[in-house]
Asks: 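Here it is, the structure in full.
All heavy atoms count here, side chains included; hydrogens, waters and symmetry mates do not.
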Amino acid sequence: MTREQIIEFDKNNIMNTYGRLDLVPEEARGAVIKDKNGKEYIDFTSGIGVNIFGWNDEGWKSAVIDQIGRFQHVCNYYYCDKAAELAHMICEKTGLTNMFFSNSGAEANEGAIKLARKYSFDKYGAGRSTIITLNSSFHGRTVTTLAATGQDVFHNYFFPFTEGFKYCEPANIDALHEACTEDVCAVMLEVVQGEGGVNIMPADYIKAVRALCDERDILMIVDEVQTGIGRCGKFFGYMNYGITPDIVTSAKGLGGGLPIGAFISGEKCSKTLGGGMHGSTFGANPVSTAAAAYIVSKIDDDFLNEVNKKGEYIREKISAIDSDKIKEVRGVGMMIGIAVTVSPKDILHYAFDAGLLVLTAGKDVVRLLPPLSISYKEIDRGIEILEKILK
C-alpha cells in the first residue's frame, strides 16, 4: 500500500481514539525513523518509553527470532524457561521476592491493586480496601486504573468507576497522614509522574511515605511503568531514593517493543495470591519474556552510568538555549520535562514538521523519553531542531 492508502485505511477502519501524526514508518534504526515518503525523524519518544534500546537493536532482534524459532506461546499451566529466567533476573536486581507477568502497565497496576486489597483482607478483614493515589498521577486506562488515576479529566463517561480510591496532594506528607484513615490498605505513587508533567517527588517525601506505610502496615506500591528499566538512571526509579516498596509495577521498556507487564512483590505479600486468584492467557508469553530477558541482561552499572550522563547532557544543552519560551528543564536520568510558556502541543507539531518526535505531559510540559541507547550525534541533531523551534 502507498503511504496515503495506509493513512486512509487507518482513519476509516480503526477507532479514532488517537491524535495521530502523519508518520508511516518504513524502516528505522537506533533513534532514527524513516517515513515511507523518505523523510527522516530523530526519535525523542522511544514509542512512549518502550523502545529503550532504540529501533531494530540487533541483540534484541536475535533474542526474539531465536524464541520464535522454538515456540511462540505456552499455556500458563506449564513452565516457560524464559519467563523463569526473567523473573529470577528481576528478583536478583531488586531484592524483591516474586512476580506475576501481564501484558501491559494497566494490567500490572490492576494486579497490584488486587494484591494489596487481598493482603489487607486476609489480615484485617473487610472494610480496609481504600488505596491512596496522588493528584496528577496516571495509572492506566482500564475502568479501575482510571479510577486510581488522580486526574479529574479521566473521570468521565465510563461510569460507574471502581470504588475505593482517594487522592492526595503530591509531596505533602501531612496531607498523606490525614488521608490515611482506618480504611486504607495501600499508597500507590510514581516517583516521577510521567503523564502528569515529569513531576519529581522529593527524596524526603518518598522516605516519609515508606516510614508511614511501615508504621501503619499499609502497603507501598510504586508504579514504575514509565520510570523503570533504566529510564531514571537506576534499574527502577525508586532505587534513587534508598527505599524498597512492597509492590512494584513495570511494563513499557521491559519488553523493549513487545507487550509485557509485571507486578513484583516483596516478602510481605509474596504468598497472598494463590491458585486461581489471578491469571492471564498471554501473560509470560515466551517471545515477550525472551525479549525482556535480553533487555534486563544488558542493564548493568556501566549502562546506567551512561544513561545518567546522557540525561545530564540533554538537560544542560536545553537549559543553555536562550529562549523565553522555556520556564524550567527538569528530569531524572533520561526522563526529561521542559516546562514552556507556550502550548506544548504546538511545539510537538512544529518539531514533527522539522523532523523531531517529542511528547507532551501535563498542561505545559514537553516530555522527552529518548532511547537509552541513543548516540550523542543523534542527541545533538534532535536538540538542534528543538533549539530552532524554541527560539
Side-chain angles (χ1 to χ4, degrees), residues 42-46 48-49 134-138 149-153 168-173 175 189-209 223-228 230-234 237-238 240-241 307-352 354 356-372 374 376 378-391:
I42 298 294
D43 180 18
F44 274 14
T45 73
S46 305
I48 316 183
L134 303 184
N135 293 335
S136 300
S137 63
F138 182 83
T149 293
Q151 299 186 56
D152 288 340
V153 68
C168 188
E169 181 184 351
N172 185 334
I173 195 62
L189 56 81
E190 305 151 279
V191 293
V192 182
Q193 294 180 328
E195 303 293 331
V198 192
N199 306 316
I200 304 166
M201 297 297 110
D204 58 350
Y205 174 72
I206 294 297
K207 290 178 180 177
V209 173
D223 177 344
E224 294 269 6
V225 169
Q226 190 167 144
T227 53
R231 175 58 59 185
C232 290
K234 297 284 188 181
Y238 75 78
N240 286 307
Y241 294 84
V307 169
N308 284 312
K309 288 177 184 177
K310 288 176 183 175
E312 185 177 355
Y313 179 81
I314 293 169
R315 292 191 296 275
E316 287 180 352
K317 294 276 283 188
I318 296 171
S319 296
I321 295 173
D322 183 15
S323 171
D324 59 5
K325 297 179 181 66
I326 299 175
K327 291 192 295 185
E328 182 187 12
V329 180
R330 57 180 179 258
V332 180
M334 291 177 70
M335 187 171 184
I336 297 160
I338 310 167
V340 293
T341 60
V342 295
S343 165
K345 288 186 179 179
D346 286 348
I347 293 175
L348 180 150
H349 284 282
Y350 286 131
F352 178 77
L356 174 66
L357 305 182
V358 300
L359 300 162
T360 63
K363 296 179 180 179
D364 66 345
V365 172
V366 175
R367 180 175 34 147
L368 309 181
L369 301 173
L372 303 184
I374 191 171
Y376 283 95
E378 291 165 336
I379 291 172
D380 288 341
R381 282 178 63 187
I383 292 177
E384 183 180 348
I385 294 170
L386 193 59
E387 181 174 9
K388 289 178 180 177
I389 293 165
L390 290 169
K391 281 188 170 183

Asks: Quick one: do L359 and L368 satisfy side chain to side chain contact (heavy atoms under 4.5 Å, CB included)? Show the steps, please.
Replies: CA-CA 6 Å; L359 300 162; L368 309 181; over 6 Å; no
Asks: Under a plain distance cut-off of 3.5 Å, with no hydrogens placed, do S319 and E316 share a side-chain donor-acceptor pair?
Replies: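 No, S319 and E316 have no side-chain donor paired with an acceptor closer than 3.5 Å.
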Asks: S323 side chain to L390 main-chain N or O, any donor-acceptor pair under 3.5 Å?
Replies: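 It does hold such a pair.
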Asks: Where the side chain of R315 meets the backbone of G333, is there a donor-acceptor pair that is under 3.5 Å apart?
Replies: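 Checked: pair present.
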Asks: Please answer whether the main-chain N or O of P370 pairs with a side-chain N or O of S46 as donor and acceptor at a distance below 3.5 Å.
Replies: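 A pair under 3.5 Å: yes.
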Asks: Counting N and O atoms only, with roles assigned by atom type, does the side chain of Q151 sit under 3.5 Å from a partner on the main chain of S137, one being a donor and the other an acceptor?
Replies: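 Yes; at least one donor-acceptor contact below 3.5 Å.
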Asks: Closest approach of A171 and M201, non-hydrogen atoms and distance?
Replies: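 Closest pair (atom of A171, atom of M201, distance): N-SD, 4.2 Å.
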Asks: For E195, give me all partners under salt bridge (Lys or Arg N to Asp or Glu O under 4.0 Å), at least two apart in sequence or on another chain.
Replies: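 E195 satisfies salt bridge (Lys or Arg N to Asp or Glu O under 4.0 Å) with R367 only.
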Asks: For the OG1 atom of T149 and the CZ atom of F138, what is their distance to the nearest 0.5 Å?
Replies: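 Rounded to the nearest 0.5 Å, the OG1-CZ separation comes to 5.5 Å.
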Asks: I'd like to know if the side chain of Q193 reaches the main chain of N135, judged simply by a donor and an acceptor atom lying under 3.5 Å from each other, with no hydrogens or angles considered.
Replies: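 Such a contact is found between Q193 side chain and N135 backbone.
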Asks: Please determine whether side chain to side chain contact (heavy atoms under 4.5 Å, CB included) holds for the pair R330 and V365, giving the CA-CA distance in whole Å, both sets of side-chain angles, and the decisive distance to 0.1 Å.
Replies: CA-CA 10 Å; R330 57 180 179 258; V365 172; 3.4 Å; yes
Asks: Please report the shortest heavy-atom distance between L369 and Q226, naming the atom on each side.
Replies: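 For L369 versus Q226, the nearest heavy atoms are CD1-OE1, 3.5 Å.
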Asks: Which atoms form the tightest heavy-atom contact between G194 and A361, and what is the distance?
Replies: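 Looking at all heavy atoms of both residues, the closest pair is O-CB, 3.3 Å.
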Asks: How about L357 and F352: do any of their side-chain heavy atoms sit closer than 4.5 Å?
Replies: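 The answer is yes, as the side chains (C-beta and beyond) meet within the 4.5 Å cut-off.
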Asks: Atom CG in N172, atom OH in Y205: separation rounded to 0.5 Å?
Replies: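 The distance works out to 7.5 Å.
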Asks: Is there a side chain to side chain contact (heavy atoms under 4.5 Å, CB included) between L348 and V366? Walk through the geometry before answering.
Replies: CA-CA 8 Å; L348 180 150; V366 175; over 6 Å; no
Asks: With a 4.0 Å cut-off, would you call D364 and K327 a salt bridge?
Replies: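 Yes, this pair counts.
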Asks: Before giving the answer on side chain to side chain contact (heavy atoms under 4.5 Å, CB included), spell out for V191 and N240 the whole-Å C-alpha distance, their side-chain angles and the decisive distance to 0.1 Å.
Replies: CA-CA 9 Å; V191 293; N240 286 307; over 6 Å; no
Asks: Output yes when a side-chain donor or acceptor of K310 lies under 3.5 Å from a complementary backbone atom of M334, and no otherwise.
Replies: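 Such a contact is absent between K310 side chain and M334 backbone.
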Asks: Mark yes or no for whether Y313, through its side chain, and Y376, through its backbone, hold a donor-acceptor pair below 3.5 Å.
Replies: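 A pair under 3.5 Å: no.
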Asks: Of all the heavy-atom pairs spanning V198 and M335, show the shortest one and how long it is.
Replies: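 Scanning both residues, the minimum pair turns out to be CG1-O, 4.0 Å.
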Asks: Kindly compute the distance separating CG (N199) from CD (E190), expressed to the nearest 0.5 Å.
Replies: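 N199 atom CG to E190 atom CD measures 9.0 Å (nearest 0.5 Å).
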Asks: Identify the heavy atoms of F44 and V358 that sit nearest to each other, and give their distance.
Replies: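 Smallest interatomic distance, heavy atoms only, reads CB-CG1, 4.4 Å.
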Asks: Would you say that L189 contacts D223 through its side chain, given a criterion of any heavy-atom pair below 4.5 Å between the two side chains?
Replies: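 Contact flag for L189/D223 side chains = no.
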Asks: To the nearest 0.5 Å, what is the distance between CG on L386 and CD1 on I338?
Replies: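 Going from the CG atom of L386 to the CD1 atom of I338 covers 5.0 Å.
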Asks: Closest approach of V192 and C232, non-hydrogen atoms and distance?
Replies: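 Shortest heavy-atom separation between V192 and C232 comes out as CG2-SG, 4.3 Å.
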Asks: Starting at CD1 of I326, measure out to CD of E387 and round the result to the nearest 0.5 Å.
Replies: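 It comes to 8.5 Å.
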Asks: What distance do L372 atom CG and N308 atom CG have between them, rounded to the nearest 0.5 Å?
Replies: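 Rounded to the nearest 0.5 Å, the CG-CG separation comes to 10.5 Å.
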